[in-house]
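The structure appears below as C-alpha cells.
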Amino acid sequence: MLGIFARTMAKDIWHKAKPCGHLVKPVAPTHIPGRYLSHQEGLPNLPVPPLQQTCERYLAALDPIVDKKELAHTQQLLAEFQRSGGVGERLQKALESRAHKTENWLSDWWLNTAYLDYRMPVAIHSSPGVVLPRLEFSDRQGQLRFAAKLIAGVLDFKTMIDNETLPVEYLGGKPLCMNQYYQVLSSCRIPGLKRDTVVNYSRSSSPPTHITVVHNCQFFVLDVYNSDGTPLTVDQLYMQLEKIWNSSLQNNEDPVGILTSNHRNTWGKAYNNLTKDKTNKGSVQDIQRSIFTVCLDAPMPHVSEELYHSQAAVQMLHGGGSHLNSSNRWFDKTLQFIIGEDGSCGVIYEHAPAEGPPIVSLIDHVVAYTKKPEIAGSPVVPFLPTPRKLHFNITPEIQKDIEDAKRNMNIMVQDVDVKVIVFSHFGKNVPKTHKMSPDAFIQMGLQLAYYRMYQRCCATYESASLRMFKLGRTDTIRSSSVDSANFVKCMDDPAKQSTEKVALLEKAVKAHRAYTDMAISGQAIDRHLLGLKLQAIEDLTSLPEVFTDTSYTVANHYKLSTSQVPAKTDCVMCFGPVVPDGYGVCYNPMAEHINFAVSAFNSCNETNTARLAQTLEGALLDMRSLLESTPKARL
Ligand code: COA
C-alpha cells in the first residue's frame, strides 16, 4: 500500500518537473520513501547497439587517426568479424542475452575494468580533484569556521538523499539515473591484491553518523549528529573542529594516510599487513565507514596570483608531496573535502562510485549553503564529547611501507604538471549566438590546438553520460572525426577561403553534437566494443584480431582525454592524463568564460601544458574571429 502511494507521489513529481533540452532540477518536496526505487524502475535498460552499426562507426572513427594501410587491414578484419555466422555475431548474441538477464549489461564490467582492476595509484591517475574559488581567510579560525559550514552543507544535502527528495535530473528531456548520488556518501574503496572493492555503508543496519577529520596527518572521528538525530549546528561543529585542531598540533611522524596513494597491488599488500593489528583495523574501518572526510590542510607554498589556481589544482589532485599535504588524505575515501589554512579549498573524489557531475552538483549545493547568512546560534552549546583520535600501531614493516609510499608519491608529484586557465574572452554565449553547441565548439577548439602543435590528429576521448539508462555511467564521444580533421587541416591553410573554413567548422560542430546524441542514447561504439571484447575473454580461447591489431591500440591510446564538468560554482575539475604522452583536459563552460584544467607528465618531452593551454586559447579566439568576420558568407 505504502509502495503504491510512494509511486503515485513520485509520478506527480515527474509531471511537475518540466523536461527540456538540458539538465533540469525541479524543486523537491519533503520526504518520499520508495521514490528512489520507483524512479529507477522506470528507467530504460542500456541497449546493445547493432553489430554492423558499431563496425561501420568504428572504421569511420579510425580514419583520421590511423594510416591508410592499417585502416584497410582493420576493414578486412571487421568484414570477417561481422560476417554471418562469424565470431562477432556469436559475441553479439551473448551480449544481448546478458542484457536481457541484467539491469545493465555494462555496469559491473565497467566498474571492474575502468576502476577496480586498474592498478595504478588512484591519486593523479584516477581520482579527479576540484578547485573551488579561493576563500577570504588566511588563519585557523577562518579555516575551521568555513569547514564547519561546509560540513553542515554536506549534511543538508545528505538529508535529501536520506529522505529520497533529491530532485531528479533531466538530460535532453529524459530523466536520469540517480544511483550515483546514493553511492558517494558513506563509501570507500578497499584495496585488494589484484582487484579492489568499493563498499557503501549507508544502507547497512547501522549507517554511520560520523565523518573523519584529518589534520597534521592524524585522523579523528567526529560524530555529526546529536543524540536526538539532528545534525550538529555550525557552532557545535566549529567547537569540535577546534578540539581536533588543538589535539593535533604536531605533524604525525608515521602518516598512514600516504599508504593509500600507492600502486594498488602494493597498497593491497600493505593493507593486509596494516590491518593484522586489531587497533589498526578498527581505525581503518572508522575511516572507511565515515560519511566523508574533511582534510584540514597546511598552507600551500606561496605563489603569484596568476599561478594560484594551478597550484590549488595540484593541491587537490595529490596534496603537494609528503612534506606538504599528501599524507593528510585517505585517497580511497570516496569524498574528501580539502580546506587549507590559506583559504584554498576543493575536493578530491575516488572515481569508482560516480562521475563528476553528481559530485559537482553536491558541491554546488554545499557552496550555496556556506553562503547563507548564519542563523544566530543558541548561546549555550550543549556539551559534546571530544572527537576520538584514531590510533595506529606502527611496526617496522608498516614504517617501511609508509616510507616507500612517500617516495613514490614524491616521484609522481614531480612528474605531473597542471595548468589551470580562465578563458575570459567568452563562454557558452558566443557559440550559442552562432547557433552552435558550446561543447562541440570547445572540442573543436581542442582539436585545432592539438593539430597546430603536432600537425596530426589523435584519438580523443570525451565522456558522455549514459545516465538516461538504469545504472548508466559513461561512453566515449570520439572528438577526432573525419569532419574535425577536415576543419583543422583547412583552418590554417592560406589557400582556403574563409567561407569554406566556416562551412567546415559548422559541419565539424554538427558532427560532434550528433556523436554526442548518439553516445548519450547508448549507440556509441566504445563500450560496445569493450563488451564484445570482454565477452570474448569469457567465451573464447583467443581474442579476435580486431581487438589486438594496431588500429585498436591507437584508437584506445587517448592523447587527449577530455571531459566537460559543468557547475554553477566558478570552479574547475582536474585529472591526470591517461597515457604517458597525453593530456588530461577538463573544463567548466560558464555563460561568459570557460575554466580549463590541462594536465600532462613532465617526463614526456612531447607534452607541455602551458603550450597547449595557450594554443587552445588562440584556437578558440581564431574560431570566433572566423565566424564574426564571415557572417553572411556561410555555405
Ligand atoms: N544553438 C544554440 N544553443 C545550443 C545549441 C545550438 N546549436 N546546441 C546546444 N545549445 C545549448 C544547449 O541548449 C545548452 O543550453 P544551457 O546552457 O541553457 O543548458 C547549452 O548550449 C549546452 O549544450 P552543449 O554545449 O551542446 O552541451 P551539453 O550541455 O548537452 O553537454 C555533454 C554535452 C557531452 C557534456 C553531456 O551530454 C554529457 O554527457 N555530460 C556528462 C559528462 C560527464 O559525465 N563528465 C564527467 C566525467 S568524470
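Numbering of ligands and ligand atoms starts at 1, following listing order.
Interface of Ser465 with ligand 1, defined as ligand atoms under 4.0 Å from a residue heavy atom, comprises 38 (C), 39 (O), 41 (C). With ligand atoms numbered from 1 in the order given, ligand 1 contributes 46 (C), 48 (S) to contacts under 4.0 Å with heavy atoms of Gly356. Interface of Ala464 with ligand 1, defined as ligand atoms under 4.0 Å from a residue heavy atom, comprises 39 (O). Each of the following atoms of ligand 1 lies closer than 4.0 Å to a heavy atom of Ile477: 34 (C). Atoms of ligand 1 lying under 4.0 Å from at least one heavy atom of Glu462, given by number and element, are 34 (C), 35 (C). Near His351, meaning under 4.0 Å from any of its heavy atoms, are these atoms of ligand 1: 48 (S). The contact set between ligand 1 and Ser563, taken as ligand atoms under 4.0 Å from a residue heavy atom, comprises 45 (N), 46 (C), 47 (C). Counting the atoms of ligand 1 from 1 in the order shown, those under 4.0 Å from a heavy atom of Lys435 are 1 (N), 6 (C), 7 (N).
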Assess the residue pair Arg478 and Asp526 against the criterion (salt bridge (charged side-chain N to carboxylate O under 4.0 Å, His left out)); give the C-alpha distance rounded to whole Å, side-chain angles, the decisive distance to 0.1 Å, and a yes or no.
CA-CA 9 Å; Arg478 288 189 168 265; Asp526 281 277; 2.8 Å; yes

For the pair Ser481 and Asp483, evaluate side-chain hydrogen bond (donor to acceptor under 3.5 Å, both in side chains) and give the outcome as yes or no after the intermediate values.
CA-CA 5 Å; Ser481 65; Asp483 294 304; 4.7 Å; no

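Using a 4.0 Å cut-off between heavy atoms, Pro431 makes no contact with ligand 1 at all. Only the side chain of Thr516 comes within contact range of ligand 1, with a heavy atom under 4.0 Å; no backbone atom does.
A tilted orientation is assigned to the rings of Phe596 and Tyr587, their planes being inclined by 30° to 60°. Ring-plane geometry between His351 and Tyr115 is classed as tilted, the angle between the planes lying from 30 to 60 degrees on a 0 to 90 degree scale.
Gln40 places a side-chain N or O within donor-acceptor distance of the main-chain N or O of Met178, the cut-off being under 3.5 Å. Not a single donor-acceptor pair under 3.5 Å links the side chain of Glu350 to the backbone N or O of Val122.
In terms of N/O distances under 3.5 Å, ligand 1 is approached by Lys432. The shortest N or O to N or O distance between Arg513 and ligand 1 is below 3.5 Å. For ligand 1, none of its N or O atoms has an N or O atom of Ile520 under 3.5 Å away. Note: no N/O pair closer than 3.5 Å links Thr474 and ligand 1 by distance alone.
Here Asp581 pairs with Lys559 under the salt bridge (Lys or Arg N to Asp or Glu O under 4.0 Å) rule; sequence neighbours left out. By the salt bridge (Lys or Arg N to Asp or Glu O under 4.0 Å) test, Asp417 is found to be paired with no residue, residues two or more places apart in sequence or in another chain being considered.
Using a 3.5 Å distance cut-off with no hydrogens or angles, the side chains of Thr460 and Ser480 do not pair a donor with an acceptor.
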